[in-house]
Amino acid sequence: MRKLLFPIIVIIATFAIVARLFYLQIVDDSFLKKADINALKIVYDYPERGYIYDRNGELLVANQPSYDIMVIPREVKNIDTLELCTILDITLEDFDKKLEKAKVYSPRLPSLFLAQLTKKEFAAFQEKIRHFKGFYIQKRNLRDYQVDYGANVFGYIRQINEMELERRKYYKSGELIGMTGVEQAYEEDLRGIRGVHYIQKDKFNKEIGPFKEGIYDTLAVKGNDLTITIDAELQKYGQELMIRKRGGIVALEPKTGEILALVTAPSFDPSMLVGRDRSKNYMAIDSIPGKPFFDKVLQGQFAPGSPFKILTGLIGLQEEVIDTQTRFPCSHGFYYARGAFMKCHDVGSWNLHPAIANSCNTYFAQTYMRIINKYRTPSQGVDAWHNHLKSFGLDNYMGYDLPYGQKGFIPTSEHYKKVYPNGGWRSTAIVSNSIGQGEVVMTPMQLANVMCAVANEGYYYTPHIIKKIENKEIDKSFIQKKQTTIDKQHFRPVIEGLAEVYKSGTARRLQIPEIDICGKTGTVENFATVNGERTKLTDHSVFLAFAPKENPKIVIAVFIENGGFGATWAGPIASLMIEKYLKGEITRTDLEKRMLEGDLSANYVLKDISDKQREEREKQKRLEKEMLEKLKATQNGKN
């Protein structure tokens, strides 16, 4: 057997080598293609990016042709640099920088030299292209926006940078990639597949035709068209209502979780981020007070205020610490600990229904303390409360299909153990949570999702913006029902209270004819540091609603920064958005006129001062940190 072992090994090794050679030389000649690369010119054919439509089939985003100048550095020989710079309106210094950057990427592969030529530049260059060896024109497609709203929804496209090229191997230098919004979330669907042509060159570097008769050439494949869940008319209307205001609006279809409108303010025309002026416009938009690039609905984290009382009531019912007839007396508030008084605007003795309608702080604070005190320790009570809230999607990312967002914060017992390391805390120390102040933080999207669960009497679907992808199914997680920990029977009493908000409660002046709306006002305290002092600013205005009361079709959350009472700004906007969606017209023209003409600019003066001072402090800290690091590096060098 030992005599046969060596011959067997030799035979197996020989067979493996022969098989590999056969594969490389006959089956796969990619190595041959690589060997011939010096005699090849590779030309890419970029596909048209997929179109974007609204839920009703209205075209929102299309394409327009654009022309880039590409360069292969090693082929640049004996050209009139000054003439080229004159045609392209660039300096000699710009020319040298661009060519050097291309050499760093690759001396023999195409690199972007100048993007998005104007028609005049393209015509002038095309006429004399034969004089500029090593340069050629690459046709691409830029976005052509059919509407002047929805920038936060669509996102934008830009050239991929060097850092991303290292990480994302599919892309080549100069290619365009989706950033933020739908463009980023569905980049792989929208971008399509680029085509490639291999052109053979002779020893004089002249093109002599397709390499191997084009057997390696591929055609470009257009990107998939998308239908998004946005209702274009509702989105446009929401953006008009938010002019000269800051904040956000989100409207959802409760039975599906589809996003009907996603408005952030201030905003901008998406076409500003197309073309050669994109970078300049980006900087200009970024400098606008109010942060237009910051989506207030997905990224803004705020104390939810009184709408949180809906959750306090539901958890109280589920935990059986109250029922619909439980009453708590209120005399403009109540003492919840020695010397500690929670204010309220109500006087009377309320059960659940009128407590919701009139937003009684006392009722929900008492309910919250009963929830916490039901358990043997406050820690157990807080964690039970937290688990109920988590079932509504709180204290977590919503899982929607847009590429950014915040998770908010719902405290657990672990948090309070850190805050009170010596123990001794109890429900009275954290009672502000009951009315959506305290440590509770939510995004407007999370608020809207809570209202979906209420409208559906116990379940919700993950909010999402994709409705249909050409040639592909959408993520199945968006059609999976998510159940809360609250039993269905507890929602109906709360819904009746929310309906009463519009009939006799805090939103009674916001009624819409022929539509039964369920809603909840909110007024959220707001502080900022101005000139080193904690300063109270105008409260935030918050409103949650769904309609109609039976078989709801729309849920809406409106958050107006520094807007005051919930019924002053957020409430009217919510009512108008609901009427626009359900009826297609506005009958409350009095509300519409006031909202369209309303200007809250004066309310943001102190906020802008605070923001500017904070940015200056952060800048100073960064400079000090850099100086300290340089000093340490110098000292280490000496040592």
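Each residue takes its place number in the sequence, starting with 1. Note: hydrogens, waters and symmetry copies are ignored here, and every other heavy atom, side chains too, is used.
Minimum interatomic distance between Y404 and G181 (heavy atoms only, all atoms of both residues): CE2-N, 3.4 Å. Considering every non-hydrogen atom in both C85 and F95, the closest pair reads SG-CB, 3.7 Å. The heavy-atom pair separating L60 from A232 by the smallest distance is CD2-CB, 3.9 Å. Listed here is the closest heavy atom pair of M577 and I249: CE-CG2, 3.9 Å. Closest approach of V274 to Q64, counting heavy atoms only: CG1-NE2, 3.7 Å. What you find for L142 and S66 is that their closest heavy atoms are CG-CB, 3.4 Å.
Surrounding CD of E213 are at most 12 heavy atoms belonging to other residues, nucleotides or ligands under 6.0 Å away. When the shell of 6.0 Å around NZ of K407 is examined, it contains more than 12 heavy atoms from other residues, nucleotides or ligands. Heavy atoms of other residues, nucleotides or ligands lying less than 6.0 angstrom from CG of L59 number more than 12. The environment of CD in E624 is crowded: more than 12 heavy-atom neighbours from other residues, nucleotides or ligands sit within 6.0 Å. The environment of CD in E162 is sparse: at most 12 heavy-atom neighbours from other residues, nucleotides or ligands sit within 6.0 Å. Enclosure of atom NZ in K222 by more than 12 non-hydrogen atoms of other residues, nucleotides or ligands within 6.0 angstrom is indicated.
Inspection of the E253 and T256 side chains reveals an N or O donor paired with an N or O acceptor under 3.5 Å. Between the side chains of T462 and K482, at least one donor N or O sits under 3.5 Å from an acceptor N or O. Of the N and O atoms on the side chains of D144 and N63, not one donor lies less than 3.5 Å from an acceptor on the other residue. No donor-acceptor contact under 3.5 angstrom links the side chains of Y149 and D269, judged on distance only.
Atom CG of D189 and atom CD1 of I466 lie 7.5 Å apart (nearest 0.5 Å). For the atom pair CD1 (I129) and CD (E127), the distance works out to 12.0 Å, reported to the nearest 0.5 Å. To the nearest 0.5 Å, atoms CD1 (I554) and CE (M451) are separated by 12.0 Å. Atom NE2 of residue H131 and atom CG of residue N78 lie 13.5 Å apart, to the nearest 0.5 angstrom. Note that CG of L260 and CG of L234 are 6.5 Å apart. Values are rounded to the nearest 0.5 Å. Annotation: the span from C452 atom SG to L447 atom CG amounts to 11.5 Å, rounded to 0.5 Å.
Just one of R140, R194, R191, Q159 meets the side chain to side chain donor-acceptor pair (under 3.5 Å) condition when paired with E175; it is R194. Of the listed residues (D80, L88, T81, T86), just one forms a side-chain contact (heavy atoms from CB on, under 4.5 Å) with L84, and that residue is L88.
Below 30°, between 30° and 60°, or above 60°: for F132 and F135 the angle between ring planes is above 60°, a perpendicular geometry. Note: H464 and F478 have parallel aromatic rings, judged against thresholds of 30 and 60 degrees for the angle between ring planes. Between Y459 and Y461, the angle of the ring planes goes over 60°, which puts this pair in the perpendicular group of the 30/60° scheme.
In this structure the side chain of K128 reaches within 4.5 angstrom of the side chain of I87, judged on heavy atoms. A 4.5 Å side-chain heavy-atom check between V263 and V250 finds every atom pair outside the cut-off. Using a 4.5 Å cut-off on side-chain heavy atoms (C-beta onward), L114 and D68 make no contact. Inter-residue side-chain proximity for P292 and I285 is flagged as met; some heavy-atom pair is nearer than 4.5 Å. Looking at Q239 and Q235, their side chains come closer than 4.5 Å, going by heavy atoms from C-beta outward. Contact annotation: the side chain of M398 approaches that of N449 to within less than 4.5 Å [non-hydrogen atoms, C-beta and beyond]. Annotation: side chain of N141 is not in contact with side chain of R49 (no heavy-atom distance under 4.5 Å). When side chains are defined from C-beta on, F559 does not count as touching K296, because their heavy atoms never get closer than 4.5 Å.
D54 places no side-chain N or O within 3.5 Å of a backbone atom of T229 that could act as its donor or acceptor partner. A donor-acceptor pair is defined here as one N or O able to donate and one able to accept, closer than 3.5 Å; no such pair exists between the side chain of Q126 and the backbone of F122. The backbone N or O of N471 sits nowhere less than 3.5 Å from a side-chain atom of N224 that would complete a donor-acceptor pair. Side chain of N152 to backbone of L262: a donor-acceptor contact under 3.5 angstrom is found. A donor-acceptor pair under 3.5 Å is absent between the side-chain atoms of E58 and the main chain of Y53, judged by distance alone. Under the 3.5 Å distance criterion, the side-chain polar atoms of Q116 are matched with a main-chain donor or acceptor of R276. Checked by atom type and distance alone, the side chain of K139 never pairs as donor or acceptor with a backbone atom of P65 at under 3.5 Å. Of the possible polar contacts, none joining the Q200 side chain to the G209 backbone as a donor-acceptor pair under 3.5 Å is found. At least one donor-acceptor pair closer than 3.5 Å links the side chain of E164 to the backbone N or O of N161. The backbone N or O of I465 sits less than 3.5 Å from a side-chain atom of D401, completing a donor-acceptor pair.
Not counting sequence neighbours, K390 has no partner by the salt bridge (Lys or Arg N to Asp or Glu O under 4.0 Å) test. Checked against salt bridge (Lys or Arg N to Asp or Glu O under 4.0 Å), K619 has no partners two or more places apart in sequence or in another chain.
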- request: Check the pair F125, Y67 against ring-ring contact (aromatic ring centres under 6.0 Å, His included), reporting the backbone distance first and the verdict last.
  value: CA-CA 11 Å; F125 184 77; Y67 301 92; over 10 Å; no

task: Kindly indicate, with the supporting measurements, whether the criterion side-chain contact (heavy atoms from CB on, under 4.5 Å) is fulfilled by E100 and K103.
output: CA-CA 5 Å; E100 184 59 33; K103 287 178 182 177; 4.0 Å; yes

field: Working for ring-ring contact (aromatic ring centres under 6.0 Å, His included), residues F392 and Y460
entry: CA-CA 8 Å; F392 285 83; Y460 66 92; 7.4 Å; no

message: Test side-chain contact (heavy atoms from CB on, under 4.5 Å) on K625 and L628; report intermediate values, then the result.
response: CA-CA 5 Å; K625 183 179 179 181; L628 184 60; 5.7 Å; no

field: Audit row: E93, K97, salt bridge (Lys or Arg N to Asp or Glu O under 4.0 Å) steps and yes/no
entry: CA-CA 6 Å; E93 184 181 3; K97 285 182 179 178; 3.6 Å; yes

task: I would like to know whether I177 and I157 meet side-chain contact (heavy atoms from CB on, under 4.5 Å); could you show each step before the answer?
output: CA-CA 5 Å; I177 188 171; I157 58 175; over 6 Å; no

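Taking the six-membered ring for Trp and the full ring otherwise, Y581 and Y237 have centroids separated by 6.0 Å or more.
Using a 4.0 Å cut-off between charged nitrogen and carboxylate oxygen, D611 and R614 count as a salt-bridge pair. Comment: E258 engages R55 in a salt bridge, judged by a side-chain N to carboxylate O separation of less than 4.0 angstrom.
Remark: R158 is not positioned above the aromatic ring of Y282, lacking an NZ or CZ atom under 6.0 angstrom from the ring centre and at most 45 degrees off the axis.
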